[in-house]
Number of protein chains: 2
Amino acid sequence: MYTISEIADLLGVSPHTLRYYEKEKIVVPDRDANGNRVYRNEHLTWLRFVIKLKQTQMPIAKIRKYAELYLEGEHTTTARLALLEEHQRAIQEQLHTLMATEKMLADKIAAYKQYIARMQNKQPT
Amino acid sequence: MYTISEIADLLGVSPHTLRYYEKEKIVVPDRDANGNRVYRNEHLTWLRFVIKLKQTQMPIAKIRKYAELYLEGEHTTTARLALLEEHQRAIQEQLHTLMATEKMLADKIAAYKQYIARMQNKQPT
DNA sequence: AGTTGACTTCGAGTAAACTCTAACGAATAT
DNA sequence: ATATTCGTTAGAGTTTACTCGAAGTCAACT
């Protein structure tokens with residue numbers, strides 16, 4: 001059992017953000033007698049998953065869609081699978097782009113270093 | 001020599017976006033006698049680079065910073081190098097996250113498929 | 001009893017990156 | 001000559017994902 005700020009600390013997000021995720025129906029924690037939010041381990045696990053999806057550019061709207069399907073029960077299994085497979089493809093595209101750009105940057109960086117080294121030879125301090 | 005819409009088509013962005021990039025001082029094309037924008041090959045090359053940076057999550061503000069340094073001349077070489085190296089590190093972190101998430105998704109997808117296959121065995125149509 | 005601290009809600013505000021609108025001008029097509 | 005097409009500007013509007021502020025509640029400490 002965790003309070004909102006405990007969860008926030010554990011995940012490195014702000015309590016504000018967690019309330020926002022609740023408003024967006026992405027994580028809906030329980031409440032105690034005072035009306036305060038109570039997060040359980042399953043919420044924590046789900047939030048870690050959500051954060052991974054977010055870090056890989058899945059928009060909040062799609063994460064909510066997945067959460068909704070999950071709450072709808074077993075008959076949405078294939079829909080959820082499709083959603084995950086779509087995101088997997090998106091990730092693979094991102095990997096492609098990132099690797100290509102990394103290579104390009106590495107080349108550019110090498111060229112800059114060459115240039116700087118050449119300048120230091122010509123005008124020693 | 002290209003018009004704004006030719007460049008837009010070549011890059012898959014809208015003319016609006018190109019004007020926005022100009023307002024942000026990221027690409028400042030020439031003008032013809034009528035005051036219309038004229039892009040040359042060097043603008044195209046630079047824009048392709050900008051788009052790669054954007055696709056790998058470099059914020060517009062940093063891209064503009066790099067462009068400014070470039071226009072300031074040779075004495076900003078080390079600053080530009082530092083900027084590129086910083087982004088290279090950011091890319092490497094993204095690669096890490098993406099690969100980890102891809103693995104996680106692949107596992108989850110496999111589990112879903114197993115589950116679906118099991119259901120089809122139990123309740124054949 | 002009073003203050004502190006953590007929580008609550010609702011609604012407003014912010015930042016980034018576009019995206020669009022309106023009003024206009026110039027060149028081409030009929 | 002007029003209509004269409006493509007361009008121009010300044011500025012307003014949109015979307016996404018927070019982020020903050022104000023006003024209030026509640027339990028615990030002093």
Side-chain angles (χ1 to χ4, degrees), chain A residues 1-40 43-44 46-68 83 87 90 94 97, chain B residues 1-40 43-44 46-68 83 87 90 94 97:
Chain A
M1 305 301 223
Y2 311 90
T3 67
I4 194 166
S5 54
E6 279 165 354
I7 290 285
D9 287 351
L10 280 170
L11 296 174
V13 304
S14 77
H16 282 306
T17 302
L18 292 172
R19 291 189 198 103
Y20 166 69
Y21 286 172
E22 183 173 348
K23 191 158 60 186
E24 292 295 316
K25 302 204 204 94
I26 284 170
V27 234
V28 183
D30 305 337
R31 297 297 177 123
D32 68 10
N34 290 319
N36 287 12
R37 288 170 180 81
V38 174
Y39 292 84
R40 283 179 289 101
H43 298 117
L44 185 54
W46 167 240
L47 274 165
R48 287 204 227 269
F49 181 56
V50 165
I51 286 168
K52 281 267 172 224
L53 294 179
K54 270 204 42 55
Q55 282 174 337
T56 56
Q57 324 301 319
M58 188 186 279
I60 290 289
K62 265 195 188 158
I63 300 176
R64 178 180 48 225
K65 184 75 201 165
Y66 184 81
E68 275 168 13
L83 226 152
H87 189 54
Q94 285 183 67
T97 307
Chain B
M1 305 299 224
Y2 313 89
T3 67
I4 194 167
S5 53
E6 281 165 353
I7 291 284
D9 287 352
L10 282 170
L11 297 175
V13 303
S14 76
H16 284 306
T17 302
L18 291 171
R19 292 190 197 102
Y20 166 69
Y21 286 173
E22 181 172 349
K23 192 157 58 184
E24 292 295 317
K25 301 205 205 97
I26 284 170
V27 235
V28 182
D30 305 338
R31 297 297 177 122
D32 69 10
N34 290 317
N36 288 12
R37 288 170 180 80
V38 175
Y39 292 84
R40 283 178 289 102
H43 298 117
L44 185 54
W46 167 238
L47 274 165
R48 286 203 226 268
F49 181 57
V50 166
I51 286 167
K52 281 267 173 226
L53 294 179
K54 270 204 42 56
Q55 282 174 337
T56 55
Q57 324 301 321
M58 187 186 278
I60 290 289
K62 265 194 188 158
I63 299 175
R64 178 181 49 227
K65 184 75 202 166
Y66 184 82
E68 274 167 15
L83 226 152
H87 189 54
Q94 285 182 71
T97 306

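Order of the sequence lines sets the chain letters (A, B, ...), proteins ahead of strands, with each chain counted from 1.
Recorded end-axis angle for the helix from C:dA1-D:dT30 to C:dT30-D:dA1 stands at 20°, based on five pairs per end and rounded to 10 degrees.
If you measure from atom CG of A:D9 to atom P of C:dA6, you get 11 Å, rounded to the nearest angstrom. In this structure, the CD1 atom of B:I7 is 12 Å from the P atom of D:dT8, given to the nearest Å. Per the geometry, CG belonging to A:L18 stands 13 Å off C1' belonging to D:dT19, to the nearest Å. One can place CD of A:E24 at 14 Å from P of D:dT15, the figure rounded to the nearest angstrom. When rounded to the nearest whole Å, the span between CZ of A:R19 and C1' of C:dT8 equals 7 Å. Rounded to a whole Å, the CD atom of A:E22 is 16 Å from the C1' atom of D:dC18.
Between A:W46 and A:F49, the angle of the ring planes lies from 30° to 60°, which puts this pair in the tilted group.
Counting non-hydrogen atoms under 4.0 angstrom, A:R37 reaches the backbone sugars and phosphates but no base.
Ion pairing between a basic and an acidic side chain is recognised when a charged N comes within 4.0 Å of a carboxylate O; A:K54 and A:E24 show no such pairing.
Applying the 6.0 Å contact sphere to NZ of B:K65 captures no more than 12 heavy atoms from other residues, nucleotides or ligands.
Shown here are the salt bridge (Lys or Arg N to Asp or Glu O under 4.0 Å) partners of B:R40, two or more places apart in sequence or in another chain: B:D30, B:E42.
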Item to complete: For A:I51 and A:V13, run side chain to side chain contact (heavy atoms under 4.5 Å, CB included): C-alpha distance rounded to whole Å, both residues' side-chain angles, the deciding distance at 0.1 Å, then the answer.
Response: CA-CA 10 Å; A:I51 286 168; A:V13 304; 4.2 Å; yes

Practice prompt. Starting from the C-alpha separation in whole Å, work towards a yes-or-no answer on side chain to side chain contact (heavy atoms under 4.5 Å, CB included) for B:I60 and B:Y21.
Written response: CA-CA 9 Å; B:I60 290 289; B:Y21 286 173; 3.7 Å; yes

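Taking NZ from A:K62 and NE2 from A:H87, the interatomic distance works out to 9.0 Å, rounded to the nearest 0.5 Å. Between the CZ atom in B:R37 and the CG atom in B:L18 there is a gap of 8.5 Å [rounded to 0.5 Å].
The minimum heavy-atom distance linking A:I4 with A:P15 is given by the pair CD1-O, 3.6 Å.
For the OP1/OP2 pair of C:dA6 and a distance below 4.0 Å, the side-chain nitrogens and oxygens of A:T3 include no atom meeting the criterion. Note on A:R64: every side-chain N or O is 4.0 Å or more away from OP1 and OP2 of D:dT16. Dashed line: the shortest gap from a side-chain N or O of B:R31 to OP1 or OP2 of D:dT9 is under 4.0 Å.
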Practice prompt. At under 4.0 Å between heavy atoms, which parts of nucleotides 13-28 of chain C does protein reach? Answer with one letter per nucleotide, 5' to 3': B base, S sugar-phosphate only, - none.
Written response: ----BBBBB----SS-

